[in-house]
Structures are given as C-alpha cells and as structure tokens.
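Below is one structure, written out as structure tokens; comments come after it.
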Amino acid sequence: MRWTKQLIPTLREVPQEAEIPSHQLMLRAGLIRKLGGGLYTFLPLAFRALKKVEKIVREEMERAGALEILMPALHPREIWERSGRYEVLRDVMFNIKDRQDRPMVLGPTHEEIVTDLVSREIKSYRQLPVNLYQIQTKFRDEIRPRFGLMRAKEFIMKDAYSFDVGWDEADASYKAMYEAYERIFKRCGLRTKVVEADTGAMGGNWSHEFMVLADAGEDGIVECDQCSYAANLERAESRPGGASDFDEAALPCETVPTPGRRTVQEVAAFFQSPPARLIKTLIYMADKKPVAVLVPGDRDVNEIKLKRALKARELALATDEAIEQATGAPVGFAGPVGLQIPMIADLRLKGCKGAIAGANQNDAHRIHVDLERDAKVEDYADLILSREGDGCPRCDGSLHEKRGIEVGHVFKLGTKYSELLGANYLDVDGKQKPAVMGCYGIGVTRTLQSTIEQSHDDNGIVWPISVAPYQVEILVLNMQHEESVRIAEQLIKDLEARGVDVLLDDRDERPGVKFKDADLLGLPVRVNIGERGLAKGVIEIKVRKSPDLQTAPIAEASKAVLGCVDELWKDVAIS
RNA sequence: CGGGGCGUAGCGCAGCCUGGUAGCGCGUCUGCCUUGGGCGCAGAAGGUCAGGAGUUCAAUUCUCCUCGCCCCGACCA
C-alpha cells in the first residue's frame, strides 16, 4: 500500500482532548477520530489493527471449541425485564422505541439473549457442552466516557457463553477460556496480570480479570510480592492482624467531651492516639434500612464487600438527617455503644478493647470501649479496602498496589440465567436441569488501545508485529530518485509475495517528515531507501523497538527484512 | 448528578479584563527551491468567534440561558 493512496492523517500537535499516551497517539497517528463523547471512527490503520486482534481472538476461540454466532444489538426490553436486569442495568442501557412504540434497548451485553437462544434450541444433555461466542458492538450509556476507546459508549466486545451439564464440567469450560485468554493476550503482544475479581452486575460466583498494567488504568489491583495472589481492589482481601487491645487494664467505658471533633483525624489528635485506635462508625442505608458499619479508624470501607456481606441490593451512605435519626447525634459522633440499629463490624475489630468511638451524642466520644462487652455487633466480616503494605491473605508476603486496564473478564455464572430464562436440558436420568453457565468477555477495542498504552515511546507507537496495521514501512527518502523507487518497488513485491503487509511512504516530503511520521506510526520494521545508502550498495533496516540501524546489500534486502520480521514474531509466539 | 475548566481557521493557541466586526504558529493550496530527522523563499485560500436572548449607536469582548467537549468525584460489565 502506498501512503498517498491511504488515509493517514497524522497530527503534529497533541489534540487537547487526549490525556493519556495511547489516546494521544491514536489521534496523532491518524488511527481514530471522534464523532462525539465516547464515539469514535476507526480510520483505515486502526481498522486493520482491529481486524488483526479479532482474527487472533477468533482463532483462539475456535481452538477452544467455541462456535461463532452473531446476535442482535437491538433487543426487546421485555427480555431484560424478564431476567430482572432491566432494573440493575437501566442506567447504562440506551432505551429506544420502534415505530410501534415497543420499548427496545441497545444491548450492553448478551447473557439474556444467548440464554434465550439456548433455552429454545438445547434440549438434551447430548447437546452439551456448548460454547457460543460473538464479536459484537455493545452499547453502554457510560456516565463518563474517557480516554478514547478505553471507556466508550459504543465498543466492540468478544463475548462467549458456555453451557454445561454440571459444575465440574463448567469448571473445565472456564479453565479452557482462561487459557484461551492467556494465549490471546500473549499473541497480541500484551503483558497481562490475572486478578481475582468481583462479579458486579453480572452475578455469579467467581471471576478473574485480565489486566494490562498501566498507570492510566481505571482499576486498582493489589498483588502479593511473594505468592501469586492478585486481586482487584474491589475484591481484594488482606490478612487480618490479631485483635487490637489498646488497654492494659479492662477499664470501664467512659464518655468524654470532644467539642467539635468529628473526623477521625481530629479525634485522634484530641486523644493523642493513633487513628487505628478509633472505631469508625458509618451509617449506611441498605435497601432503605439503616445499618451501622464499624471499621478501624485508619481504614476505608469497601462498599462492594459490604454490599455482599449485607446481601443488600441497594447501598448508600445515609444522609445527615438519617444519621441523626439513627444515632441521636450529629454526623461525626456515631459509635457502637448503645446504638439501636443493626451493626456489622470488620473482622479486625473482633475482640478489640480500649478503643475510642463516638458517643452518639453531640460533642462527645467514648473511651475504653470493649466492643464485645459494650456493644451488640450482629456480624463480623471482611469489610475494608485493601491497600499498599497490607499482609497477603494467602501467605506471609505483603500486598502492593498497581493500576490496571481490564481487557478480559471470565465469570463462572452458575445457573442464575439458565433458571431465570429456562435454559434447561433433560439429563440421562430423565430430569430437567438448568445448564451451568460461564461467560467470558474481551474488550476488543480496548485491547487495541491497551496495546499502544503498553507499547510506545516518546516518538510514537511501537506496534507488536501481530497487530500492527502494516508490518513494514518503506521510506523512499527522495521520490524523485528513480533508482530508489525502483528498488523499493521490487522489495515490496518480494515482501508481499511472502505475506508481509507493507506500507510505502511515497509522499513527496522531506526525509525528516517521513522519519517523524514513521516513528509516530510505529510499524515494526522500517526500511530506508536513500541515495546515501544506495551509493554504498545497501538499504537500511530499523526495527522500531530497537535503537540499532542495520544495513543490508540491495540484493539481500528482502531476505534481511524477512529476518527481522520473523524475529519479531517470536515476541508474540505462544509456547 | 456534584465540582472545575474550555469552546476563536483543519490542529495548537493569542485577543476578551478595559466593547469599535479578528490575529499568530503549524497544516492546506500555487510557484520556486531543497532532499538523511517536522528545510527555505514568495504568494493565496480558509472564520455564523459553539448557539440563542439581552444591554449598547456598536458585542468575539459585558449579562443571562442553552448546547458541546475535557478533567476530578459519585458510578461501572
């Protein structure tokens, strides 16, 4: 392909809309253009790269035995009401009506649709297992689209759904997908970290996320420095220490005036005591009922864990009025002693003595609190947000925080959807049973951008060879020089005959412009053909990711380039 | 939805405070020149100053409203 016949609108300056490197580079290298917030057009180069990612995904899904289908993007709203997820996902769903005034939604995901299909077509255990996948555009009315393709309102996702006769069989399907994902990301040239994750609105029992480590990542994760434990912060546990006993003697609980001291910091300073000695008491509304949540003063509540522990559908911090009503004191003075609403405490508070807590009256706190002696805590659970330096829950190591971009997520769903939507089969014993499901997503467009986020330098993109829009870029430094052009054309012919995608920069531009744009585009191998080299009988080869410039005799040009290309394929080979 | 910022030529920005109908760099087009890291010279095109209303003799500039975009937060498969 010739540059002058392609559409590659490179930008010299950084568009102000872009914040992170991958987004800036996608705009500058002429890969994408914005139509509106969270809506992007893929220009030819990005489209080529996208197709390569999709091809890898397809090959690995097929290898794992999944069958490709294509489901509608437009769904009757009714099916979502039937599963109960219209309520759960209504905020992210685009609602529309057809001309008959029938309510429709644009699909944010496809569990309902595929389960409906399977419920109609799969009747017998003889037809199982089955794993159906598609590569589809999903629509989500994101509260805040961000970072180009990272969080868009419309994006391409590969989603697969497995149906098995039982739990063990479903585990095998899950494992097969997990392994397929490892291969996919490796082949895309991505280094990913697999973490334990929360299942969120998907429901289900267990899930793993495939994370691309990057500062711009939207998810916090922790990983152990000694074992393989890694988890999304939403789910991460940490090793609880022993019960905290701050009192030598078991002194009776006592109320102390603390005028105007509301925050943990203020109170800790007032008592000249470490924040950890305080019991932080937060009032939440769980399904419209107040509940007190107790955590160590130096820790934050993990609302996802809390929601799970309370088995609540809705959870939010109580309003100031609700707090006053529940505790009888203004915000900042809640405490477990004498509180009349249900209480749940973090595991780390179990058996703690000599603590400081709010007194449930204005401008007062209690000291020498022995939680078990002085309060009625209904339940203890792991409720806090893990953080840097916490102990690993699995070993003696400690946890470290990182940022990650979620590119893949595999879920064990169980029978939630099959029961709801009637995906039952007839087993050997003649009984109707719900199929055991798993679902598996890859954000294809996000994966593409992650590749750039993880592989770029100051000058531009550094494409892995497997997803690069073209594998080789040839620069003819002076298009007026006929010999250069002739040699370039011969080289292109040779390379294309060997299945290599080649882009020729045939613009009548000065060399400097071409070099800059070549670095920006980041195609894996660059070939310089210029009079200076030809005078010595050589062409030059520059591998984008390496600093070295090599030369090859004109007669061996294609062989030398192919050698570089082959070498680069080793980076993304699966073992 | 809350907080902040921005909207002037394709891109990056100045002008606005202190009202008098718009400018710079890059890009684009033409010609010359040049050809190893965003070259040089000469000329040119390109603007409903986001939209609407108001104040004023006069609004890019002041006021109000609306829309869009970006960032932070809440939220998130």
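In the text below, chain A, chain B and the rest are named by the order of the sequence lines, each starting its count at 1. Worth knowing before you read on, the calculation uses all heavy atoms, side chains too, and leaves out hydrogens, waters and symmetry mates.
The side chain of Glu303(A) approaches rC75(B) more closely than any other nucleotide in the set rC76(B), rU35(B), rC75(B). Relative to the side chain of Arg510(A), the nucleotides rC39(B), rC71(B), rG38(B) differ in distance, and rC39(B) lies closest. If you check rC75(B), rG12(B), rC76(B) against the side chain of Arg151(A), the one that comes closest is rC76(B). Closest to the side chain of Arg12(A), out of rG38(B), rA74(B), rU35(B), is rG38(B). The side chain of Asp508(A) has rU35(B) as its nearest neighbour among rU35(B), rG25(B), rG36(B). Comparing rG37(B), rC70(B), rC11(B) by their nearest atom to the side chain of Phe515(A) picks out rG37(B).
Here the separation of rC65(B) from rG3(B), taken at their P atoms, is 13 Å to the nearest Å. Between the C1' atoms of rG12(B) and rG31(B), the separation comes to 28 Å (whole Å). Across the P atoms, rG51(B) and rA9(B) are found 11 Å apart, a figure rounded to whole Å. Remark: the separation of the C1' atoms in rC33(B) and rG43(B) is 15 Å, to the nearest Å. Of the C1' atoms belonging to rG7(B) and rC16(B), the separation is 14 Å, rounded to the nearest Å. Using P as the reference atom, rG4(B) and rG40(B) are 44 Å apart when rounded to the nearest Å. Between rC41(B) and rU34(B), the distance separating the two P atoms is 15 Å to the nearest Å. For the P atoms, the distance linking rC13(B) with rU8(B) amounts to 10 Å, nearest Å.
The partner of rC69(B) is rG5(B), by the rule that a Watson-Crick or G-U pair needs both atom distances under 3.5 Å. Using Watson-Crick or G-U wobble geometry with both donor-acceptor distances under 3.5 Å, rC24(B) finds its partner in rG12(B). Summarising the base pairing, rU60(B) is matched to no nucleotide, lacking a Watson-Crick or G-U wobble pair whose two defining distances lie under 3.5 Å. When both pairing distances are held under 3.5 Å, rU18(B) makes no Watson-Crick or G-U pair with any nucleotide shown. Across all strands shown, rG31(B) is found opposite rC41(B) as a Watson-Crick or G-U wobble partner, with both distances under 3.5 Å.
The distance from atom CG of Asp505(A) to atom P of rU35(B) is 18 Å, rounded to the nearest whole Å. At whole-Å resolution of the value, NZ in Lys153(A) and P in rG68(B) are 9 Å apart. Remark: C1' of rG37(B) and CZ of Arg544(A) are 13 Å apart, rounded to the nearest angstrom. The NZ atom of Lys516(A) sits 17 Å away from the C1' atom of rU35(B) (whole-angstrom rounding). Note: CE (Met211(A)) to P (rC76(B)) measures 15 Å, nearest angstrom. Nucleotide rC76(B) holds its P atom 11 Å from the CD atom of Glu142(A), rounded to whole Å. Atom CH2 in Trp3(A) sits roughly 16 Å away from atom P in rG38(B) (whole-Å rounding). In this entry the distance linking CG of Asp198(A) with P of rC75(B) reads 13 Å, nearest Å.
Under the 6.0 Å cut-off for aromatic ring centres, Tyr178(A) and His208(A) qualify, their centroids lying closer than that. A centroid separation of less than 6.0 Å is found between the aromatic rings of Phe210(A) and Phe185(A).
Using a 4.0 Å heavy-atom criterion, one finds that Gly443(A) contacts no nucleic acid atom at all. Contact annotation for Gly530(A): base contact, defined as any heavy-atom pair under 4.0 Å involving a base atom. Within the 4.0 angstrom heavy-atom criterion, base atoms lie near Leu477(A). Contacts of Lys138(A) with the nucleic acid, taken as non-hydrogen atoms under 4.0 Å apart, are absent. Arg526(A) comes within contact range of at least one nucleobase, with a heavy-atom separation under 4.0 Å. Nucleic acid contact class of Asp517(A) (heavy atoms, under 4.0 Å, all strands): base. Nucleic acid contact class of Asp91(A) (heavy atoms, under 4.0 Å, all strands): none. When heavy atoms are screened at a 4.0 angstrom cut-off, Arg33(A) is found touching no nucleic acid atom at all. At a threshold of 4.0 angstrom between heavy atoms, the contacts of Glu406(A) with the nucleic acid are absent. At the heavy-atom level, Phe139(A) lies nowhere under 4.0 Å from the strands shown.
For the OP1/OP2 pair of rC71(B) and a distance below 4.0 Å, the side-chain nitrogens and oxygens of Arg144(A) include at least one atom meeting the criterion.
Taking the six-membered ring where tryptophan is involved, the planes of Tyr440(A) and Tyr181(A) are perpendicular, since the angle between them exceeds 60° and thus also 30°.
Checked by distance alone, Glu13(A) brings no side-chain donor or acceptor within 3.5 Å of a matching partner on the base of rG10(B).
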Open item on the list: The test is salt bridge (charged side-chain N to carboxylate O under 4.0 Å, His left out); show your working for Arg82(A) and Asp116(A) and say whether it passes.
Closed with: CA-CA 11 Å; Arg82(A) 199 139 48 92; Asp116(A) 179 73; 3.7 Å; yes

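A cation-pi arrangement is present between Lys412(A) and Tyr174(A), with the terminal nitrogen or guanidinium carbon under 6.0 Å from the aromatic centre and inside a 45° cone about the axis.
Interatomic distance, Gln6(A) CD to Asp506(A) CG, rounded to the nearest 0.5 Å: 11.0 Å.
For Asp517(A) (side chain) and Leu520(A) (main-chain N/O), no donor-acceptor pair under 3.5 Å exists by modelled atom type.
Of the residues near RNA chain B, Gln16(A) and Pro108(A), the one whose nearest nucleotide (by heavy atom distance) lies more toward the 5' end is Gln16(A). Summary of the strand contacts: Val92(A) and Asn478(A) both lie near RNA chain B, and taking for each the nucleotide with the nearest heavy atom, the more 5' one is attributed to Asn478(A).
A salt bridge is absent between Arg2(A) and Asp505(A); no separation between the charged side-chain nitrogens and carboxylate oxygens falls under 4.0 Å.
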